[in-house]
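Some notes on the structure that comes next.
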There are 2 protein chains.
Amino acid sequence: MAEPVDSEGSPSPPAAGPAARRVRRVSMADVARLAGVSSQTVSRVSNGHPTVVEATRLQVLAAMKELGYRPNSAARALKSGEFRTLGVILFTLSTTGNVRTLEAIASSAAHEGYAVTLLPVAAPTQDEVRGAFTRLGELAVDAFIVIMEVHLLDTATVSLPPGVQVVVADSDAGDRYSVVDTDQAGGTREAVRHLLDLGHRTVWHLAGPKESFAAQRRADAWRATLTEAGRESPPPVRGDWSAESGYRAGLRLADEPGCTAVFTANDQMALGLLHALHEKGRAVPEDISVVGFDDIPEAASFIPPLTTIHQDFAQVGRLLVEGVLRQLRTDAPERGTTLVPTRLVIRSTTAPPNTGS
Amino acid sequence: MAEPVDSEGSPSPPAAGPAARRVRRVSMADVARLAGVSSQTVSRVSNGHPTVVEATRLQVLAAMKELGYRPNSAARALKSGEFRTLGVILFTLSTTGNVRTLEAIASSAAHEGYAVTLLPVAAPTQDEVRGAFTRLGELAVDAFIVIMEVHLLDTATVSLPPGVQVVVADSDAGDRYSVVDTDQAGGTREAVRHLLDLGHRTVWHLAGPKESFAAQRRADAWRATLTEAGRESPPPVRGDWSAESGYRAGLRLADEPGCTAVFTANDQMALGLLHALHEKGRAVPEDISVVGFDDIPEAASFIPPLTTIHQDFAQVGRLLVEGVLRQLRTDAPERGTTLVPTRLVIRSTTAPPNTGS
DNA sequence: TTATGCGATGTTTACGCAAACATCGGTGTC
DNA sequence: GACACCGATGTTTGCGTAAACATCGCATAA
C-alpha cells in the first residue's frame, strides 16, 4: 500500500500531558491591562456597545490585535446562557434527503447567527439513540433538530432532555413534537395519478425500508391512491434506498407480466431499476414507465432522464430552523406537522402503456 | 448633528431580545440541596469520581433525576478549557467527497468523544471565508478541520486564529498546514494507465472546475501520465462536477473523431457523459471507454456500470480527526501531506478500442 | 455660582462547575 | 492512649465574561 508521505513539521514538544498545560489564553483582563482600561470596557468594545468613545475603542482594538485576543465562548455562554448553536441528530449522511436537509439547516442557522453541531448516530438502535441523547444533554447546544424515524424515541428509555426545544423532521410525531416534513402523501399521489392518467391499469411500488417513516408514508399513499381510483395494488417490492437494491428489485419486476408502471420511493432505487430493466431488455418508458421521488440533481441525467417528485429540502431545512428558534425564543414547545409541498417533474421515463403488445 | 440618541441609559437590548428570560436551569447547587450534600459531591457523582460512597451516590442520582439536572457545558468548558468539539469549515455539502468526508469525520470524532460543529461557507469568496473565520474564532470549538481549496486562505486578510490547531483536506498547503488528501495523482495515473493498457491511443479528460484543487491535481496527473507514455494530450473539457455539465461535455466529445477513451474527474459528470453518449448513439464501452473518479455507491448502477477510481473517504476523515486531535494534545502544529491511496474498480465502461471501424 | 444631567468609564458581582485544600471521623500502630 | 493516616465529604476559590451598579467629570441650566 502506498506509504503515506509524511514530511515532518515541528518536533513534538517533550512532555505534554493529554489536556495538560493548556496555554493560558488571552483574556479580557490582559487586553484591559495593555490598553489601560477596565475589562468592562474591553467587553463593551467586544460587543459593539455604543457608549465607548472612539479613541478608547481604537486603543482597545489595538491591544486586542496585539495580544491576539479571542473572546472565550465558554465564559460568554456561561454568562448569557446561550451557545447560539443548534444540535442536529441524524442517523446517516448517506441519504440525499438528510444531506440536503442538513445543508439547508446549516445555512439557515448561519443566517440567524447560529452554528450547527452534528450528532451522528451510528446505528438506528435504541442503545445508540439513547447514547446520543445522553451526550446531547451535555452538549453545548441551545436546542436541537432530530432527523429520524421518531419511533425510536418512543420508548421510555429515550427521552428528550426536559426543557430543551426540539423540532423533528421525517416523522409522524406531530402529536408530541413540532414536525416539518415533505408532503409524502401528496407527492406520492401526484406520482401515482400521473401514471394512472397516462392510462396504466395499475402501478407497482418499489418501496423503501420498513424502518423508514417516509417509506411507510409513501407506500400507504400509493396504496390509498390506487384504492381511491378503484385499482388493485400489486404487492410492493421492498428496497433499502440504495441503487443496488433497486437493481435487484428491477430484475424481479422486469419479469412481472402485468407490470407497466412503477413508482419508486426514491431516485437512487429508480436508477438501479432502470439499470435492471435495461439489462433485461425492457424499454423505458415504452414497456415500463418509472417515477422516482426526490429529484436529485443527477435524475436529469439518468438514461432515460427520470420523471420524479421534487422535494424542497431547502424549505424543509429553513422551516426546521425557524421553528426551533421560535420555540427557543418563546420558550414554548409546539406541536403539529408542517408539510412542504412537492412538485411532479416530468422527464422521459413515463408514457402511456404499450397497449399493442 | 441630530444624533438620535435614545434618552434612556441602557442601550438597545431593553425588551424581549432573543435571549429574553431564560428559565433558570437546574444547577448542581439545587441537586445538592435536595440530596442534602454539598455541590462538590454532586460534581463528583456527575464525573464518576470513585471516592463517593454508594449510598450517597444513589441519593444524588435520585435528586438529579427528580430535578432533571443536566450539567452545564459552558461552565464545564470554562473550567476545563475544552469543549470537546471540532469545527469543520467547508464550502458545500453538494459534492460527494465533502459529504462522505464529513460523515467520516463525524463518526471518528464521536468515537473519540468529540462533537462536530459545522461551519458552512456560502460562497467561495474571500469575504465569505473571512466572515466564517471570524465566527470560527468565537466558536465553541477546540480545533478545526478545513475542507476547501486553501488558496482562499492565502491572503493576509484571512488568517487562522493563532493558537488554534487545524488540519486541511483537499489542499496543497502541506508546507504550511497538516494536510490529508486522497492520492489524486496516483488514482488518476491508475485510471489513465488502465485505458492506455487497453490499447487506446490517448485519453481525453473531462475535468472539474478550475477553482478546485482536486480537479487541478487530477488534470495535471492526467496530462503527466500521457506525457510519460509519449502520448499527446487532447484539450481537456471542463465541467463543474455536476451530471448536467458532464452531459454538455458529452455532447461535444461524442462528435470528436479521435475520442475513444475519456477519463472523467468525478462520477456524477461521468453519468452525464454516459447519458450524452447514449443519446448520440455512441456505444459504451464499444465506441468510447469511460473511467470516473470517486466510486459513489450509484456508480455500479449506471448504464453501463461505471469503471472508476475508488476513494477512501472514511480513511481521509479518520486521519483528519486523528491528526487534529494529535496536534491538540501535543499543542504542536504539524505540516506535511498524508496521502490516502485509491483503488481502480473495473466495471463495464472500459474495453479495448474498436479498431475495426 | 451651584445644581443637574448624562455620557464615559470603573468596580462589583454572579453565572455553574471542579480543582485545591480543609475537615472530620474512624483505624491501625507503637 | 497518642498519633499518623485515610477515606468521605465540605468549603473556598477562580475560570472569563457581562449585567448591574457606582463614580467621575464636564456641560448646561438655574
Side-chain angles (χ1 to χ4, degrees), chain A residues 17 19-33 35-60 63-64 67 69-84 137-138 140, chain B residues 3-15 17 19-33 35-60 64 67 69-84 137-138 140:
Chain A
R21 94 322 36 201
R22 200 143 301 268
V23 238
R24 213 178 76 53
R25 277 258 309 270
V26 181
S27 78
M28 287 204 320
D30 303 319
V31 176
R33 207 169 306 120
V37 299
S38 75
S39 63
Q40 181 56 47
T41 300
V42 177
S43 166
R44 285 193 263 255
V45 171
S46 180
N47 295 337
H49 239 261
T51 70
V52 178
V53 105
E54 190 61 11
T56 312
R57 210 176 69 83
L58 292 177
Q59 206 160 352
V60 171
M64 281 181 174
L67 264 35
Y69 169 74
R70 295 191 309 130
N72 178 320
S73 36
R76 184 171 279 180
L78 178 58
K79 261 315 262 184
S80 70
E82 58 170 17
F83 292 97
R84 301 196 71 80
E138 308 185 350
Chain B
E3 180 69 6
V5 179
D6 50 6
S7 54
E8 203 212 333
S10 81
S12 48
R21 107 309 35 225
R22 200 145 306 267
V23 236
R24 211 178 77 52
R25 278 254 307 268
V26 181
S27 79
M28 287 206 317
D30 301 319
V31 177
R33 206 170 307 119
V37 299
S38 77
S39 63
Q40 182 56 43
T41 300
V42 176
S43 167
R44 283 193 263 255
V45 171
S46 180
N47 294 337
H49 234 263
T51 70
V52 178
V53 106
E54 189 61 12
T56 314
R57 213 176 68 82
L58 292 177
Q59 206 160 352
V60 171
M64 281 181 172
L67 264 36
Y69 169 75
R70 294 192 310 132
N72 178 321
S73 38
R76 183 171 280 180
L78 179 58
K79 268 304 269 185
S80 70
E82 58 171 17
F83 292 97
R84 301 196 71 79
E138 308 186 350

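Order of the sequence lines sets the chain letters (A, B, ...), proteins ahead of strands, with each chain counted from 1.
Protein atom CG of L67(A) is 15 Å distant from nucleotide atom C1' of dG16(D), rounded to whole Å. In this structure, the CZ atom of R33(B) is 16 Å from the C1' atom of dG10(D), given to the nearest Å. In this structure, CD of E82(B) is placed 12 Å from P of dA19(C), rounded to the nearest angstrom. Rounded to an integer number of Å, the gap from M28(B) CE to dC15(C) C1' is 12 Å. Note: NE2 (H49(B)) to C1' (dA19(C)) measures 9 Å, nearest angstrom. At whole-Å resolution of the value, CG in N72(B) and P in dA18(C) are 9 Å apart. As rounded to whole Å, 10 Å separates atom P of dG10(D) from atom CD of Q59(B). Between the C1' atom of dA18(C) and the NZ atom of K79(B) lies a distance of 5 Å, rounded to the nearest Å.
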Measure all distances between protein nitrogen or oxygen atoms and nitrogen or oxygen atoms of nucleotides 20-26 of chain D, and list the pairs falling under 3.5 Å.
none

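Nucleic acid contact for V37(B): sugar-phosphate only, since backbone atoms but no base atoms lie under 4.0 Å from a heavy atom of the residue. Counting any heavy atom pair closer than 4.0 Å across all strands shown, T56(B) reaches sugar-phosphate atoms only and no base atom.
Residues satisfying the side-chain hydrogen bond (donor to acceptor under 3.5 Å, both in side chains) test with R84(B), not counting sequence neighbours, are E82(B). The side-chain contact (heavy atoms from CB on, under 4.5 Å) test applied to A35(A) returns V37(A), V60(A), A63(A), not counting sequence neighbours. Residues that satisfy the side-chain hydrogen bond (donor to acceptor under 3.5 Å, both in side chains) test with S46(B), not counting sequence neighbours, are R76(B). Not counting sequence neighbours, S43(A) has no partner by the side-chain hydrogen bond (donor to acceptor under 3.5 Å, both in side chains) test.
Relative to the side chain of N47(B), the nucleotides dG16(D), dA18(C), dA8(D) differ in distance, and dA18(C) lies closest.
Checking the phosphate oxygens (OP1, OP2) of dG10(D), a side-chain nitrogen or oxygen of T41(B) falls inside 4.0 Å.
Taking for each of L78(B) and E54(B) the nucleotide of DNA chain D with the nearest heavy atom, the 5'-most of the two is the partner of E54(B).
The two residues A32(A) and S38(A) come nearest to each other via the heavy atoms CB-C, 3.6 Å.
Counting only residues at least two apart or on different chains, the salt bridge (Lys or Arg N to Asp or Glu O under 4.0 Å) pairs with a member in residues 47-56 of chain B are E54(B)-R57(B).
In this structure, N47(A) contributes its side chain and H49(A) its backbone to no donor-acceptor pair below 3.5 Å.
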